[in-house]
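Report on the structure given below.
Ligands are counted one by one from 1 in listed order, and the atoms in each one are counted from 1 as well.
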Amino acid sequence: MPQSGPGRVTVAPSLLAADFTRLREEVAAIEVAGADWLHLDIMDGHFVPNISFGPPILQSLRPHCRLPFDVHLMIEPVEPFVSAFADAGADHILVHPEAGPHLHRTLQLIRSHGKHAGVVLNPATPVDAIAWVLDLIDIILVMTVNPGFGGQAFLPSQLPKIATLRQMIDASGRAIALSVDGGISPTTAPDAIAAGADTLVAGTAVFGARDYSAAIAALRGEVPA
Ligand code: DX5
Ligand code: ZN
């Protein structure tokens, strides 16, 4: 998995918290502000109790943003929709193990499209869920809230899970990104990073800020000049 640089934290703002009346300007602004990836939350009103947007929005935004599209699928069943998101411009496709009966095959499908494959662990999902598919994974995303909504409070109960996953990744010798999603702010990010996360997904803390560049720097722990 390509990292943003040695020891540098990858920041992936979540479009869910953007101004939906100005999505084209929002994705352009976040790229200029120094974001590494754009995180896109796809919700079906079934796997999670909320509905967001689908492939046409990715396709519409794709020409206006050079950042990798980090697509978090909260869809059940997920496998029938993987190809549509790959074709619409996703670069990373992340799925929940609970969203289909054949995680291994779903990851193979994602990779067959030439995309990076990710697995998302809900707060109650054990790390064992990924133990036998590590060879197919480029990203592990730890949910630090229950999926479905932005603006929820970070769950510190997930910190030991992040630390365990860091050990599993290091033991595997594979370049797997360890990402966290939910309630990430300049206050909670240091704990997630200390536990072993190298990638931060943040909606409210970036798109809810007046200055996107300063918000991203603050998540990285960089002190303003
Ligand atoms: C929740 C989504 C998150 C959400 C994060 O289901 O997966 O990506 O946008 O929002 P904040 O950063 O506001 O918690
Ligand atoms: Zn997400």
Side-chain angles (χ1 to χ4, degrees), residues 9-20 23 26-27 30 33 35-55 57-58 61 67-76 78 81-82 85 90-99 110 115-125 138-159 161-162 177-193 197-210 212 214-220:
V9 173
T10 298
V11 176
S14 167
L15 193 68
L16 198 63
D19 179 349
F20 276 27
L23 287 181
E26 291 279 67
V27 299
I30 215 67
D36 299 296
W37 303 347
L38 181 69
H39 185 83
L40 298 112
D41 290 299
I42 313 301
M43 304 177 178
D44 68 351
H46 168 72
F47 183 69
V48 290
N50 196 6
I51 298 175
S52 58
F53 50 85
I57 296 288
L58 273 74
L61 293 176
L67 300 176
F69 279 8
D70 186 58
V71 180
H72 176 186
L73 297 181
M74 288 161 271
I75 304 174
E76 182 188 9
V78 69
F81 293 93
V82 164
F85 284 96
D91 297 285
H92 315 155
I93 299 181
L94 299 97
V95 300
H96 287 254
E98 298 87 353
I110 295 169
K115 309 300 182 183
H116 291 296
V119 174
V120 192
L121 301 180
N122 276 337
T125 305
D138 302 296
I139 305 166
I140 299 170
L141 178 59
V142 177
M143 291 309 300
T144 40
V145 299
N146 282 297
F149 302 94
Q152 302 181 78
F154 178 85
L155 296 171
S157 62
Q158 300 305 297
L159 291 170
K161 186 195 282 186
I162 296 167
L178 182 52
S179 186
V180 288
D181 183 7
I184 298 297
S185 71
T187 306
T188 57
D191 289 343
I193 293 166
D198 53 37
T199 303
L200 306 172
V201 173
T204 310
V206 178
F207 281 108
R210 187 178 296 270
Y212 296 169
I216 291 168
L219 286 171
R220 291 205 180 101

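- Nearest protein heavy-atom neighbour of atom 2 (C) of ligand 1: D41 OD1, 3.3 Å.
- The shortest heavy-atom distance from F149 to ligand 1 is under 4.0 Å.
- Atoms of ligand 1 lying under 4.0 Å from at least one heavy atom of M74, given by number and element, are 6 (O), 7 (O).
- Taking distance alone, with nitrogen or oxygen atoms compared against 3.5 Å, G151 approaches ligand 1 more closely than that limit.
- Atom CG of D191 is separated from atom OG1 of T144 by 11.0 Å, given to the nearest 0.5 angstrom.
- Of the inter-residue distances, the one linking I93 atom CD1 with F69 atom CZ reads 12.5 Å to the nearest 0.5 angstrom.
- For the Zn ion (ligand 2), the nearest N, O or S atom contributed by D181 is named OD2.
- Protein heavy atom closest to atom 6 (O) of ligand 1, with residue, atom name and distance, is G148 N, 2.7 Å.
- Heavy-atom contacts from other residues, nucleotides or ligands closer than 6.0 Å to CZ of F207 number more than 12.
- Counting the atoms of ligand 1 from 1 in the order shown, those under 4.0 Å from a heavy atom of M43 are 6 (O).
- For A17, the closest heavy-atom approach to ligand 1 does not fall below 4.0 Å.
- Using a 4.0 Å cut-off to heavy atoms of G150, the atoms of ligand 1 that qualify are 10 (O), 13 (O).
- The CG atom of L67 lies 9.5 Å from the CG atom of D91; values are rounded to the nearest 0.5 Å.
- Ligand 1 places these atoms under 4.0 Å from at least one heavy atom of A202: 12 (O).
- Less than 4.0 angstrom separates some heavy atom of L16 from each of these atoms of ligand 1: 9 (O).
- From K115, atom NZ reaches atom CG of D138 across 12.5 Å, with rounding to the nearest 0.5 Å.
- The residue from L121, T125, N122 that alone fulfils the side-chain contact (heavy atoms from CB on, under 4.5 Å) condition with H96 is N122.
- Only the side chain of D181 comes within 4.0 Å of ligand 1, counting heavy atoms alone; its backbone N, CA, C and O stay farther away.
- The protein heavy-atom contact nearest to atom 9 (O) of ligand 1 is S14 OG, 2.8 Å.
- Counting heavy atoms under 4.0 Å from ligand 1, residue P147 touches it through both backbone and side chain.
- The closest side-chain heavy-atom distance from V119 to I140 is not below 4.5 Å.
- Listed here is the closest heavy atom pair of I139 and S179: CG2-CB, 4.3 Å.
- Of the polar atoms of N146, none of the N or O atoms is found under 3.5 Å from an N or O of ligand 1, judged by distance alone.
- Within the 4.5 Å cutoff, no side-chain heavy atoms of L219 are placed close to those of V9.
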Worked check of side-chain hydrogen bond (donor to acceptor under 3.5 Å, both in side chains) between H92 and H72: CA-CA 8 Å; H92 315 155; H72 176 186; over 6 Å; no

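- Taking 4.5 Å as the limit, every side-chain heavy atom of F149 sits out of range of all side-chain heavy atoms of D41.
- Between the S52 side chain and the M43 main chain, a donor and an acceptor come within less than 3.5 Å of each other.
- The atom name of the N/O/S atom in D41 closest to the Zn ion (ligand 2) is OD1.
- In the vicinity of G182, heavy-atom distances shorter than 4.0 Å reach the ligand 1 atoms 14 (O).
- Residue V145 places no heavy atom under 4.0 Å from ligand 1.
- If you look at H72 and ask which of its N, O or S atoms sits nearest the Zn ion (ligand 2), the answer is ND1.
- Of the protein's non-hydrogen atoms, G203 N, 2.8 Å is the one closest to atom 12 (O) of ligand 1.
- Residue T204 approaches ligand 1 through these ligand atoms, each under 4.0 Å from one of its heavy atoms: 11 (P), 12 (O), 13 (O).
- Applying the 4.0 Å criterion to heavy atoms of H72 picks out, from ligand 1, the atoms 7 (O).
- Here CZ of F81 is found 11.5 Å from CD1 of I42. Values are rounded to the nearest 0.5 Å.
- In this structure, F53 CZ and L23 CG are separated by 7.5 Å, a value rounded to the nearest 0.5 Å.
- For G183, the closest heavy-atom approach to ligand 1 falls below 4.0 Å.
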